[in-house]
K.L.:
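Below is the structure I would like to discuss, written out as structure tokens.
Quick note on labels: first sequence line is chain A, next is B, and so on, each numbered from 1.
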2 protein chains.
Amino acid sequence: MEEKVMNIGIVKELTGLSERQIRYYEERKLIFPARTRGGARRYSFDDVKRLREIHEKLKDGFHTFELKTMRPFKSV
Amino acid sequence: MEEKVMNIGIVKELTGLSERQIRYYEERKLIFPARTRGGARRYSFDDVKRLREIHEKLKDGFHTFELKTMRPFKSV
DNA sequence: CGTGTAAGGAATTCTGACACG
DNA sequence: CGTGTAAGGAATTCTGACACG
């Protein structure tokens, strides 16, 4: 579940989030997709799971900078 | 492992096969990727596994039409 | 802060065909 | 038969920015 194999389009469908949101969470250092040679992001199923958790927390009123310590996340 | 989430570029990397080979096996009805609205193919991890098996069999001298009965494969 | 959008470019994927054998 | 390739188009993704609040 850690293999980075999905492009952002599929992640969008699986999470229901916008590309903007997905990229923003990365900008905030909450998610770490891999990159193809061409620069396209690649996510794992674990990433999809994490994106859902992030969005849930934000809906609960937390801020991205507070989520960085939300849970230890194994680095790529 | 049945979720169709990978585009052909990643499948190429995971299997070491060319796009031509991957598409040809589909043309021969040995593999059944899903499609995005735009027409792009989407594969599952099971598909990747199957592609490897197909290629192995071909290297062993079998022909694509002989592989259709190779093993029951659940349809999409 | 978190997210939407229009903008232009670059990388990806698609199909149908010609080629070899 | 199984696979390579050049061709042109269409869909996808990328970055940086302006916007709101």
Side-chain angles (χ1 to χ4, degrees), chain A residues 3-45 47-71 73 76, chain B residues 3-45 47-71 73 76:
Chain A
E3 290 179 279
K4 307 283 191 180
V5 300
M6 297 177 265
N7 60 36
I8 201 165
I10 300 171
V11 174
K12 251 171 61 177
E13 282 184 32
L14 297 180
T15 63
L17 298 176
S18 67
E19 292 184 22
R20 186 69 166 92
Q21 291 173 304
I22 298 171
R23 296 199 186 106
Y24 182 65
Y25 300 163
E26 176 183 357
E27 186 184 319
R28 302 299 303 173
K29 308 291 186 187
L30 296 175
I31 193 86
F32 309 93
R35 294 277 185 160
T36 63
R37 286 190 182 179
R41 273 163 268 249
R42 276 195 190 168
Y43 305 84
S44 66
F45 277 103
D47 289 333
V48 168
K49 192 175 177 180
R50 173 130 177 114
L51 282 168
R52 291 193 181 113
E53 295 175 350
I54 292 170
H55 191 58
E56 279 306 306
K57 289 295 183 186
L58 290 179
K59 283 199 301 182
D60 289 343
F62 288 93
H63 288 250
T64 55
F65 54 81
E66 298 176 292
L67 299 183
K68 289 187 183 181
T69 54
M70 179 173 94
R71 185 171 58 93
F73 193 66
V76 189
Chain B
E3 289 180 278
K4 308 283 193 180
V5 300
M6 296 177 265
N7 61 35
I8 201 166
I10 299 171
V11 174
K12 253 172 60 178
E13 281 183 33
L14 297 179
T15 62
L17 299 175
S18 67
E19 293 184 22
R20 187 68 167 94
Q21 291 174 303
I22 297 170
R23 296 199 185 107
Y24 182 64
Y25 300 162
E26 176 184 358
E27 186 184 320
R28 302 300 300 173
K29 307 292 186 184
L30 296 175
I31 193 85
F32 308 93
R35 293 277 184 160
T36 64
R37 284 189 181 181
R41 271 162 269 247
R42 276 196 192 166
Y43 305 84
S44 66
F45 278 102
D47 288 333
V48 168
K49 192 175 179 183
R50 173 132 178 114
L51 282 168
R52 291 194 181 112
E53 295 175 352
I54 293 170
H55 192 58
E56 279 306 305
K57 289 296 183 183
L58 290 179
K59 283 200 301 184
D60 289 343
F62 289 93
H63 288 249
T64 54
F65 54 81
E66 298 177 290
L67 299 184
K68 291 186 184 183
T69 54
M70 179 174 95
R71 183 172 58 94
F73 192 66
V76 190

K.L.:
Starting from the C-alpha separation in whole Å, work towards a yes-or-no answer on side-chain contact (heavy atoms from CB on, under 4.5 Å) for A/Leu30 and A/Lys68.
P.N.:
CA-CA 6 Å; A/Leu30 296 175; A/Lys68 289 187 183 181; 3.8 Å; yes
K.L.:
Can you check whether A/Arg42 has a side-chain N or O nearer than 4.0 Å to OP1 or OP2 of D/dT12?
P.N.:
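False: A/Arg42 side-chain N/O out of range (4.0 Å or more) of D/dT12 OP1/OP2.
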K.L.:
Find every protein N or O atom lying less than 3.5 Å from an N or O atom of nucleotides 5-11 of chain C, and list the pairs.
P.N.:
from  : atom 1 : to      : atom 2 : distance (Å)
C/dT5 : O4     : A/Arg20 : NE     : 3.3

K.L.:
Considering residues at least two apart in sequence or located in another chain, which fulfil the side-chain hydrogen bond (donor to acceptor under 3.5 Å, both in side chains) criterion with A/Tyr24?
P.N.:
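Applying side-chain hydrogen bond (donor to acceptor under 3.5 Å, both in side chains) to A/Tyr24 gives none.
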K.L.:
So if I take every side-chain heavy atom of B/Arg35 and compare against D/dT13, C/dC14, D/dG2, which nucleotide ends up nearest?
P.N.:
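Out of D/dT13, C/dC14, D/dG2, the nucleotide with an atom closest to B/Arg35's side chain is C/dC14.
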K.L.:
Would one find a side-chain N or O of A/Arg28 under 4.0 angstrom from OP1 or OP2 of C/dT3?
P.N.:
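Looking at the OP1 and OP2 atoms of C/dT3, neither is under 4.0 Å from any side-chain N or O of A/Arg28.
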K.L.:
Indicate yes or no: does B/Glu13 engage A/Arg37 in a salt bridge with an N to O separation below 4.0 Å.
P.N.:
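No, no charged N to carboxylate O under 4.0 Å.
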K.L.:
Just how far, in rounded Å, is P of C/dT13 from CE of B/Met6?
P.N.:
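Roughly 13 Å, once rounded to whole Å.
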K.L.:
Return the value, rounded to whole Å, for the distance between atom CD of A/Glu26 and atom C1' of D/dT15.
P.N.:
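Nearest whole value for this atom pair: 12 Å.
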K.L.:
To the nearest Å, give me how far apart CG (B/Leu17) and C1' (D/dG4) are.
P.N.:
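The distance from CG of B/Leu17 to C1' of D/dG4 comes to 14 Å, rounded to the nearest Å.
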K.L.:
Below 4.0 angstrom, N of the basic side chain to O of the carboxylate: do B/Lys49 and B/Glu56 qualify?
P.N.:
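No, no charged N to carboxylate O under 4.0 Å.
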K.L.:
Can you name the residues that form a ring-ring contact (aromatic ring centres under 6.0 Å, His included) with A/Phe65, not counting sequence neighbours?
P.N.:
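Residues passing ring-ring contact (aromatic ring centres under 6.0 Å, His included) with A/Phe65: A/His63.
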K.L.:
Between atom CD1 in B/Ile10 and atom P in D/dT13, what is the gap in whole Å?
P.N.:
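That distance rounds to 10 Å.
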K.L.:
Want to settle it: does A/Gly9 or B/Glu27 sit nearer the 5' end of DNA chain D, counting the closest nucleotide to each?
P.N.:
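Comparing both residues, the 5'-ward one is B/Glu27.
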K.L.:
Nearest to the side chain of A/Thr64, heavy atoms from C-beta on, is which of C/dT15, C/dG2, C/dT3?
P.N.:
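Between C/dT15, C/dG2, C/dT3, the one nearest the side chain of A/Thr64 would be C/dG2.
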K.L.:
Can you list the stems that DNA chain C is part of, where a stem is at least 3 pairs in a row, each Watson-Crick or G-U, with both distances below 3.5 Å?
P.N.:
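Detected stem regions: C:2-5 with D:17-20, C:17-20 with D:2-5.
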K.L.:
Please name all residues satisfying side-chain hydrogen bond (donor to acceptor under 3.5 Å, both in side chains) with A/Glu27, sequence neighbours left out, ordered by chain then number.
P.N.:
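Testing A/Glu27 for side-chain hydrogen bond (donor to acceptor under 3.5 Å, both in side chains), a comparison that skips the adjacent residues, returns none.
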K.L.:
Please confirm whether the shortest side-chain N or O distance from B/Tyr24 to OP1 or OP2 of D/dT3 is below 4.0 Å.
P.N.:
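Result: no.
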K.L.:
In this structure, how many angstroms lie between the C1' atom of C/dT13 and the CD1 atom of B/Ile8, rounded?
P.N.:
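It works out to 8 Å between those atoms.
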K.L.:
B/Tyr25 pairs by side-chain contact (heavy atoms from CB on, under 4.5 Å) with which of B/Lys29, B/Arg23, B/Gln21, B/Arg28?
P.N.:
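Filter result, single survivor: B/Gln21.
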K.L.:
To the nearest angstrom, how far is B/Lys12 atom NZ from C/dT13 atom P?
P.N.:
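The distance from NZ of B/Lys12 to P of C/dT13 comes to 7 Å, rounded to the nearest Å.
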K.L.:
List in chain and number order the residues that pass salt bridge (Lys or Arg N to Asp or Glu O under 4.0 Å) with A/Lys12, two or more places apart in sequence or in another chain; answer none if no residue qualifies.
P.N.:
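In terms of salt bridge (Lys or Arg N to Asp or Glu O under 4.0 Å), with neighbours along the sequence ignored, A/Lys12 is linked to A/Glu19.
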K.L.:
To the nearest Å, how far apart are B/Glu19 CD and C/dC14 P?
P.N.:
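After rounding, the gap between these two atoms is 7 Å.
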K.L.:
Distance check needed: D/dT3 C1' versus B/Leu58 CG, whole Å only.
P.N.:
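Value for this atom pair: 11 Å.
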K.L.:
Charged N to carboxylate O under 4.0 angstrom, A/Lys57 versus A/Glu66?
P.N.:
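Looking at A/Lys57 and A/Glu66, the cut-off is not met.
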K.L.:
Look at the side-chain N and O atoms of B/Arg23 and state whether any lies under 4.0 Å from the OP1 or OP2 oxygen of C/dC14.
P.N.:
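Yes, such a contact exists.
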K.L.:
Report yes if the side chains of A/Arg50 and A/Ile54 come closer than 4.5 Å at any heavy-atom pair, otherwise no.
P.N.:
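A side-chain contact exists here, since the closest heavy-atom pair is under 4.5 Å.
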